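Atoms within each ligand, like the ligands themselves, are counted from 1 in listed order. The structure presented is a predicted model; accordingly, all values stated were derived computationally and were not measured.
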Amino acid sequence: MGSEPGMTLVAGVDTSTQSTKVIVCDAETGAVVRTGRAAHPDGTAVDPAHWWRAFQEATGCGPDGDPAGGLLDGVAAIGVGGQQHGMVLLDEHNAVVRDALLWNDTRSAGAAQDLIAELPGGAAGWAEATGLVPVASFTVTKLRWVAQHEPDNAARAHSVLLPHDWITHLLRSDRGAEPTTDRGDASGTGYWSPSTGEYRPDLLKLAFGRDLAVPRVAGPAETVGETVAGALLAPGTGDNMAAALGLGLRPGDVVVSLGTSGTVFGVAERPVADTSGTVAGFADATGRHLPLVATLNAARVLTAAAALLGVDLSTLDSLARSAEPGAGGLTLLPYLDGERTPNLPDAKGLLNGLTRGNATPANLARAAYEGMLCGLADGLDAVRALGVPVERVLLIGGAAASEAVREIAPALLGVPVSVPAPAEYVAVGAARQAAWALAGGAEPPSWPVSAVEVTAAPTKEIRELYGQVRDRALALLK
Ligand SMILES: Nc1ncnc2c1ncn2[C@@H]1O[C@H](COP(=O)(O)OP(=O)(O)O)[C@@H](O)[C@H]1O
Ligand SMILES: O=C(CO)[C@@H](O)[C@H](O)COP(=O)(O)O
């Protein structure tokens, strides 16, 4: 594979929960000319070496990131987007100390509670300081868990990075240089302030009991290093921030992403501090802010429902579309992997309203889609309540490919839904950041995004029933 004649090529990487995806595109227009992907292992604690191996498999690069005839051949700049929050602990020689604890690992739920209690001001104090109220997903709680449960690992730790920081670092020709991150991913740690743009080493120390080195926060379009082949490295960012960049979000646009996580987010000019902790006050990758709600359960609710019914995803889709809205009164609270919004780390899924009359595969399939989307409709209400304007929803992530999702989403979300042309928008955003680092300037290059709009009459009664079942469960589980 050689350079496409006349084109300047940039690459975007999405090192996400289930896989690594790589695109190579024209820096001027964003047109994708090459793609690659490779799977990650399952589990919520993963050796970061798997992500680097997946990167090599997806691109054909050598262990030093040399593209030599592979997917990245001729690429002028690379950006890496990655799953947020994952704790990559390194020793003083930059060797990984233990498996990374991922965003969906709930073992640090107790640590989150402790940290809230230990800071004067509690939840409000954390929201004010970092934009976040600690829950198990955030890196700061994982540091506390290691300090408490694994003193030997804690003693070896010298620095803490996030997944995108680690892959970006491995891509550098000079791995002895200081690692970097960006404000988007730093804002998901719980020890960085989106209001001041500075780390809060006091909060890291509160969690870990001592200082740890942290990566330098690079500017949005900075070049942070070079690969062995001389390609520029952009700062990279968290996957949701990268998706926002890939879609070129405008005020009024809110993204609903249906990957392993479900997320709902929009851009804001000012930092957000939600003391209830429902909306995380993240920063974005452009210098703005990205208020976001995340659920632990999205696309894999559908894979679990398909496995339960013994069918593939395409049959699950047809079954769900053949059922009436409301699934005959079946409601699924989709907390299969525990849940983050609402904050129920130990919860399990709950199927309510089962009768002999409605016990059909079609209703069960439909309840899975409706339950997943009702959880995100709650998230949409929460970001709207914080003043984020919601004129239309952009639906992305693996499960946005589902016809049933496209049919049911506008009815439950209650706003027009646009489905952007199928693409890996996290990787697109990372590539756009790379093009920005290459070109310089105040704003990233403008790349077109086409989308189709899907509409449906709102079905409030399904959300009402879901709300009743959710509130009864919350009263039991809290
Ligand atoms: N047509 C479809 N219907 C439902 N789910 C789908 C469909 N296509 C892909 N998925 C799901 O999308 C998920 C992967 O989405 P992705 O956004 O890449 O996740 P992540 O970024 O978390 O790794 C997988 O769980 C996969 O089963
Ligand atoms: O925890 C969050 C956001 O706060 C997740 O959105 C992760 O960033 C993982 O994303 P996916 O791999 O599911 O896309």
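Between Glu339 and Arg470, no side-chain nitrogen of the basic residue sits less than 4.0 Å from a carboxylate oxygen of the acidic one, so the salt-bridge criterion is not met. Using a 4.0 Å cut-off between charged nitrogen and carboxylate oxygen, Asp378 and Arg463 count as a salt-bridge pair.
The contact set between ligand 2 and Gln84, taken as ligand atoms under 4.0 Å from a residue heavy atom, comprises 3 (C), 4 (O), 7 (C), 8 (O). Residue-ligand proximity, Thr17 to ligand 2, at heavy-atom distances under 4.0 Å covers atoms 9 (C), 11 (P), 12 (O), 13 (O). Residue-ligand proximity, Thr260 to ligand 2, at heavy-atom distances under 4.0 Å covers atoms 13 (O). Heavy-atom contacts of Ser16 reach the following atoms of ligand 2: 12 (O) (cutoff under 4.0 Å). Taking a cut-off of under 4.0 Å to the non-hydrogen atoms of Thr263, the atoms of ligand 2 that pass are 6 (O). Numbered from 1 in the order shown, with element, the atoms of ligand 2 that lie under 4.0 Å from a heavy atom of Phe282 read 4 (O). Within ligand 1, the atoms closer than 4.0 Å to a non-hydrogen atom of Thr260 are 19 (O), 20 (P), 22 (O), 23 (O), numbered from 1 in the order shown. Under a 4.0 Å criterion applied to the non-hydrogen atoms of His85, ligand 2 contributes the atoms 1 (O), 2 (C), 3 (C), 4 (O).
Sequence neighbours left out, the pairs with a member in residues 274-306 that pass ring-ring contact (aromatic ring centres under 6.0 Å, His included) are His85-Phe282.
In this structure, atom 5 (C) of ligand 2 lies nearest to the protein heavy atom Ser261 OG, 3.4 Å. Looking from atom 2 (C) of ligand 2 to the surrounding protein, the closest heavy atom is Arg340 NH1, 3.6 Å. When hydrogens are left out, the protein atom nearest atom 11 (P) of ligand 2 is Asp239 OD2, 3.3 Å; that is the closest non-hydrogen contact.
The residue Gln83 has no part lying near ligand 1, judged by heavy-atom distances below 4.0 Å.
When only modelled atom types and interatomic distance are considered, Thr263 and Asn240 share a side-chain donor-acceptor pair under 3.5 Å.
In this structure the side chain of Glu407 never reaches within 4.5 angstrom of the side chain of Val454, judged on heavy atoms. The closest side-chain heavy-atom distance from Val388 to Val254 is below 4.5 Å.
Nearest to atom 17 (O) of ligand 1 by heavy-atom distance, out of Gly398, Ser402, Pro422, is Gly398. For atom 21 (O) of ligand 1, the nearest non-hydrogen atom from the set Ala399, Ser16, Ser19 belongs to Ser16.
The line from OG1 of Thr106 to CG of Asp337 is 8.5 Å long, rounded to the nearest 0.5 Å.
Between the Lys142 side chain and the Leu102 main chain, a donor and an acceptor come within less than 3.5 Å of each other.
Between Ser137 and ligand 2, a contact under 3.5 Å exists for no N or O pair. In terms of polar-atom proximity, defined here as any N/O pair under 3.5 Å, Gln83 makes no such contact with ligand 2.
The closest approach between Gln18 and ligand 2 stays at or above 4.0 Å for every heavy atom of the residue.
The presence of a protein heavy atom under 4.0 Å from atom 26 (C) of ligand 1 is ruled out.
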